[in-house]
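Structure first, then comments.
Counting starts at 1 for both ligands and their atoms, following the listed order.
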Amino acid sequence: MEELQKKRMLSGIQPSGDLHLGNYLGAIKNWADRVNDYECFYFMADLHTITVRQDPAELRKRSINQLAQYIACGLDPEQNVLFLQSHVPAHSQLAWVLNCYTMFGELSRMTQFKDKSAKYENNINAGLFTYPVLMAADILLYQPDYVPVGEDQKQHVEICRDIAQRFNSIYGDVFKIPEPLIAKTGARIYGLSTPGDKMSKSVPDGCVFLMDSPDDIRRKFKRAVTDSDRENCVRYDKENKPGVANLMNIYATLTGKTIPEIEAEFAGQGYGVFKPAVGEAVVEALRPIREEAERLMKDKAYLNEVYLKGAEKASYVANKTLRKVYKKVGFYQI
Ligand code: TRP
């Protein structure tokens, strides 16, 4: 009779770089597809970005432009709650409380902290260290069932569960214990010039940005690294031909074709035909997204309205959890 309560999902992306094909195929595209089955909250984690030094003007610009790009990728703001983390103060407020229920030792073991403190050795700030606590607050405020993340964020969801369990064991059932959801298909898109590494904005040559022009996209695919054995054959062999496998995955995800179908399609044709074909499929897939994002980016009033409404809806849910937490730990309420 009545509609079953939908399961809730929440995830965030840092607006620390321009969105690229890896973000789209690995995350955003899947997010847009699940709107009918789940109640979804997605936010830009701007608080997290300043753990690494940011250019303020760039951060401000990306925080609004990325909202346009998310919507253009198919995330409907009427059906999903889209918001900016810093617009919902409860994130910072709960993070402080959770800091007092997180151990120095467990934070020092986080691989991202170790990696980032090696990379940014002149700015090993306390925020970088307590980054997972803020992320735990992001999640626990909304009592989600699932947290879709990339493999690299799995450890952060695990520490979130540990913190929640610790808190619950002292105060009773305050937080729902969320499950990480690691995407399978298209989950990992590798760099076109460095197929051993995840596609990343820090290697712009091998990174296809959502806002790239068709010519830029074609050029990047023409130069994509294939394999070193010069076999010149479109065959799926992730071990020995990671570049070719990556291109095949991209093509499969965009066209819905299977790997054997793709091998058959390009049998006897070599990379000279295959690489531009993948490039063209990407150009066509990204064209409507780019055009719609460009249109939306000019409509600041609309985007502001989306952020405002999103923050309102998010705050309503988040504040409910925060009030409960404040009460449990003994903060005097009026
Ligand atoms: N740390 C995540 C990343 O860099 C972004 C993020 C912040 C997040 N808060 C989150 C993801 C909460 C999922 C849930 O990718």
Side-chain angles (χ1 to χ4, degrees), residues 7-20 22-28 30-31 34 38-52 54 59 62-63 66-67 70 75 80-96 98-99 102 107 110-117 119-120 127-164 175-183 187-189 197-202 310-311 314 317-318 321:
K7 298 259 187 202
R8 187 177 285 171
M9 221 173 239
L10 168 132
S11 197
I13 284 197
Q14 294 193 50
S16 54
D18 293 329
L19 295 177
H20 55 70
N23 301 132
Y24 176 59
L25 296 181
I28 310 168
N30 302 325
W31 296 0
R34 26 178 107 99
Y38 298 92
E39 184 191 1
C40 300
F41 290 75
Y42 299 113
F43 65 96
M44 314 295 166
D46 59 343
L47 299 176
H48 278 102
T49 65
I50 64 163
T51 54
V52 171
Q54 301 289 326
L59 176 59
R62 273 197 306 263
S63 298
Q66 281 188 14
L67 175 65
Y70 277 95
L75 273 193
N80 298 275
V81 182
L82 308 180
F83 65 102
L84 188 63
Q85 190 185 25
S86 65
H87 289 171
V88 182
H91 290 245
S92 310
Q93 294 169 308
L94 181 62
W96 170 256
L98 297 182
N99 265 319
T102 308
L107 289 176
M110 301 302 287
T111 51
Q112 183 176 289
F113 174 69
K114 291 190 223 164
D115 291 349
K116 286 203 177 166
S117 40
K119 194 166 162 199
Y120 304 102
L128 198 59
F129 189 65
T130 60
Y131 179 115
V133 183
L134 176 59
M135 180 156 162
D138 296 339
I139 297 170
L140 298 176
L141 279 174
Y142 298 90
Q143 313 276 359
D145 299 277
Y146 301 110
V147 182
V149 284
E151 187 65 42
D152 61 322
Q153 294 297 316
K154 203 172 153 202
Q155 200 185 25
H156 284 154
V157 181
E158 272 155 16
I159 196 176
C160 166
R161 288 165 56 93
D162 293 343
I163 297 168
F175 298 124
K176 178 170 260 175
I177 309 300
E179 298 284 337
L181 202 76
I182 313 292
R188 246 180 195 245
I189 302 297
D197 302 317
K198 221 167 102 161
M199 183 173 280
S200 157
K201 58 181 194 281
S202 53
V317 177
T321 304

Over 12 non-hydrogen atoms of neighbours within 6.0 angstrom of NZ in K7 = no
Within the 4.0 Å heavy-atom cut-off, what Y142 brings close to ligand 1 is neither
Check Q85 against ligand 1 and report side chain, backbone, both or neither, counting heavy atoms closer than 4.0 Å.
-> neither
Determine whether more than 12 heavy atoms belonging to other residues, nucleotides or ligands lie under 6.0 Å from atom CD1 of I50.
-> no
Should one rank M44, Q14, M9, Q112 by closest heavy-atom distance to atom 4 (O) of ligand 1, which comes out on top?
-> Q14
heavy-atom search around atom 9 (N) of ligand 1 in the protein gives D138 OD2, 2.7 Å
Anything under 3.5 Å between a donor and an acceptor, one on a side chain of residues 132-142, the other on a protein residue two or more places apart or in another chain? List them.
unit_1 : atom_1 : unit_2 : atom_2 : d
D138   : OD1    : Q85    : NE2    : 2.9
D138   : OD1    : H91    : ND1    : 2.7
D138   : OD2    : Q85    : NE2    : 3.2
Y142   : OH     : H91    : NE2    : 2.9

Any heavy atom of V147 under 4.0 Å from ligand 1? The part involved is side chain
Which residues satisfy the ring pair (Phe, Tyr, Trp, His ring centres under 6.0 Å) test with Y42, sequence neighbours excluded?
-> W31
Is it the side chain, the backbone, both or neither of I139 that has a heavy atom closer than 4.0 Å to ligand 1?
-> side chain
Do Q153 and V147 have side chains that get closer than 4.5 Å, going by heavy atoms?
-> no
Heavy-atom distance under 4.5 Å between the side chains of L47 and S92, does that happen here?
-> yes
Nitrogen or oxygen of H156 less than 3.5 angstrom from that of ligand 1 | no
Salt-bridge present (K176, D145; N to O < 4.0 Å) | yes
Ligand-side contact atoms (ligand 1) for residue partner H48, heavy atom cut-off under 4.0 Å | 7 (C), 9 (N)
Which protein heavy atom lies closest to atom 2 (C) of ligand 1, and at what distance to 0.1 Å?
-> Q153 OE1, 3.4 Å
Among protein heavy atoms, which lies nearest atom 5 (C) of ligand 1, and at what distance?
-> G12 O, 3.5 Å
Determine whether the side chain, the backbone, both or neither of V149 has a heavy atom under 4.0 Å from any heavy atom of ligand 1.
-> side chain
Looking at A45, which atoms of ligand 1 are within less than 4.0 Å of one of its heavy atoms?
-> 7 (C)
Does H156 have its ring centroid less than 6.0 Å away from the ring centroid of Y131?
-> yes
Enumerated ligand 1 atoms positioned under 4.0 Å from heavy atoms of Y131 = 1 (N), 2 (C), 3 (C), 4 (O)
Polar contact flag for S11 and ligand 1 (N/O pairs, less than 3.5 Å) | no
Min side-chain heavy-atom separation E179-R161 under 4.5 Å | yes
